[in-house]
Amino acid sequence: MSRFKRACRQAIHKIAQRFRDHEVHNFYKRQFYEYRAYAGEAAAKSTVRDYRRAYKHTRCSGREYILFRFYEKSREERNTYLTNLRRDRFIRQIGDDQTSNASVPGNKILFNMLFERYLCRAWINPTAVTPEGFAAFVKEHGRVMVKPACDGKGHGITVYHYEGDEAARAYHDTLVGEPMLVEEMPIQHPQMDRLNPHCLNTVRVTTYTDRDEVHIILATLRSATDAKIVDNFAVGGMLLAVDLQSGKVVSDGIDEKMRTYVTHPVTGVALRGFQLPNWSKAMDVVRRASRDMYAMPQCRFLGWDIAFFKNGDVGIIECNWRQGVEIQMAHGRGIYYELDALRQKL
């Protein structure tokens with residue numbers, strides 16, 4: 001009887017797994033058609049059959065197949081890319097944190113508490129202050145950024161303007177007990193205002209840290225393509241590749257709908273050759289913070305979002321665990337082999 005029950009369980013498991021695989025493939029196929037429409041004529045000759053071949057080798061989603069332009073790449077070129085499924089496997093292999101919002105990079109309040117020396121701006125946890133303390137903070141800074149502590153991709157970020165103590169205390173009541181934090185909005189460097197003055201233009205720096213060295217893998221500039229206050233790719237922002245040695249932009253901009261930009265659509269600034277300020281300082285900040293983070297458990301492969309401020313400071317906006325793989329788009333190359341080689345040394 002036990003053998004029969006075991007056989008039944010195994011059969012049910014196989015059927016359930018096939019159903020899950022079928023649903024995943026259908027979801028990825030819908031992604032393929034959606035993003036192929038964004039790519040337009042360039043991807044017109046791509047086929048579901050070719051996508052399936054790419055999936056077999058790289059575990060790419062339909063979205064990744066189009067975003068990484070796999071339809072015009074060889075099998076060898078495709079294999080260099082880190083896809084989301086490959087990223088998750090890599091994280092398991094190196095033993096990084098896989099839980100949601102429990103790690104330092106996954107919780108902005110915890111990160112700000114432990115890495116405050118790298119922030120270069122004031123912040124508060126509204127749940128931990130009185131209504132009067134909150135009103136005083138907002139009054140001092142005039143306008144502040146309100147962020148979900150355990151979310152990403154620019155979701156839920158708003159700006160609050162001081163309109164008197166009574167209004168501030170009332171707003172504070174809506175935040176108490178919620179996983180939110182409130183930050184000063186520092187003035188960015190004039191050079192970054194030249195790019196887009198409406199948002200804080202940040203650079204995502206991708207790192208892998210082992211016991212001997214901080215490896216800086218990629219640097220990717222992000223900017224809003226309109227007047228939004230956030231520069232995230234997921235809400236319409238563009239990505240641009242940055243040369244690690246010079247801090248200069250070395251690519252055109254590209255957004256999630258596969259639109260490319262030679263000049264910035266808001267300011268008209270030429271993108272290739274755009275020089276980021278205080279680049280040596282920025283790389284030093286990232287290396288020091290990465291080494292400090294390595295002392296935390298399960299924090300090796302990370303994405304640091306940094307910003308350049310008017311007073312010359314380079315501040316860390318946040319640290320991202322399980323960072324998105326889309327950053328490879330702007331660079332026109334994958335980082336899978338590089339990371340696979342680095343993981344041999346913890």
Donor-acceptor pair, side chain of D292 and main chain of F115, under 3.5 angstrom:
no

Same apolar cluster (I L V M F W Y, side chains within < 4.5 Å links), V205/L302:
yes

Are L85 and I327 connected, step by step, through hydrophobic side chains (Ile, Leu, Val, Met, Phe, Trp, Tyr) whose heavy atoms are closer than 4.5 Å?
yes

Aromatic ring proximity Y55/Y65, centre distance under 6.0 Å:
no

Closest non-hydrogen atoms of T202 and A307, given as atom of the first, atom of the second and distance, are CG2-CB, 4.2 Å

Verify whether the ring centers belonging to F70 and Y51 lie closer than 6.0 Å.
no

Could you name each residue pair satisfying side-chain hydrogen bond (donor to acceptor under 3.5 Å, both in side chains) that touches residues 277-286, not counting sequence neighbours?
D284-R288

Which atom names give the shortest non-hydrogen contact between K228 and C199, and what distance separates them?
O-CB, 3.4 Å

According to a hydrophobic-cluster definition based on side-chain heavy atoms being under 4.5 Å apart (Ile, Leu, Val, Met, Phe, Trp, Tyr only), do M283 and V249 belong together?
yes

Would you mind listing every ring pair (Phe, Tyr, Trp, His ring centres under 6.0 Å) that reaches into residues 296-320, with sequence neighbours excluded?
F90-F301

Could R86 and Y336 be counted as a cation-pi pair, given that NZ or CZ must be under 6.0 Å from the ring centre and within 45° of the axis?
yes

Can you give the donor-acceptor pairs under 3.5 Å from side chains of residues 139-149 to other protein atoms, not counting sequence neighbours?
from : atom 1 : to   : atom 2 : distance (Å)
K147 : NZ     : E183 : OE1    : 3.1

Under a plain distance cut-off of 3.5 Å, with no hydrogens placed, do D50 and T47 share a side-chain donor-acceptor pair?
no

Lys/Arg-Asp/Glu bridge criterion (N-O < 4.0 Å) met for D96, R322
no

Heavy atoms of M238 and P265 approach each other most closely as CE-CD, 3.5 Å

Excluding sequence neighbours, so at least two apart, what forms side-chain hydrogen bond (donor to acceptor under 3.5 Å, both in side chains) with R333?
none

Between E256 and Y35, is a side chain to side chain donor-acceptor pair (under 3.5 Å) present by the stated rule, with each step listed?
CA-CA 9 Å; E256 191 177 25; Y35 281 86; 2.9 Å; yes

Can you list every pair that meets ring pair (Phe, Tyr, Trp, His ring centres under 6.0 Å) and has a residue in residues 165-190, with sequence neighbours left out?
F134-H172, Y160-Y171

Looking at R204 and D305, does any basic side-chain N land under 4.0 Å from a carboxylate oxygen?
yes

Any chance you could pull the hydrophobic cluster mates of V266, using side-chain heavy atoms under 4.5 angstrom and chaining through other members?
none

Assess the pair Y81 and F68: is the distance between their ring centroids shorter than 6.0 Å?
yes

Answer yes if the side chains of H264 and S223 hold a donor-acceptor pair under 3.5 Å, and no otherwise.
yes

Short side-chain donor-acceptor distance under 3.5 Å, Q323 and T206
yes

Regarding S251 and H331, is there a side-chain donor-to-acceptor distance under 3.5 Å anywhere?
no

Which heavy atom of P197 sits nearest to which heavy atom of T267, and what is that distance?
CD-CG2, 3.8 Å

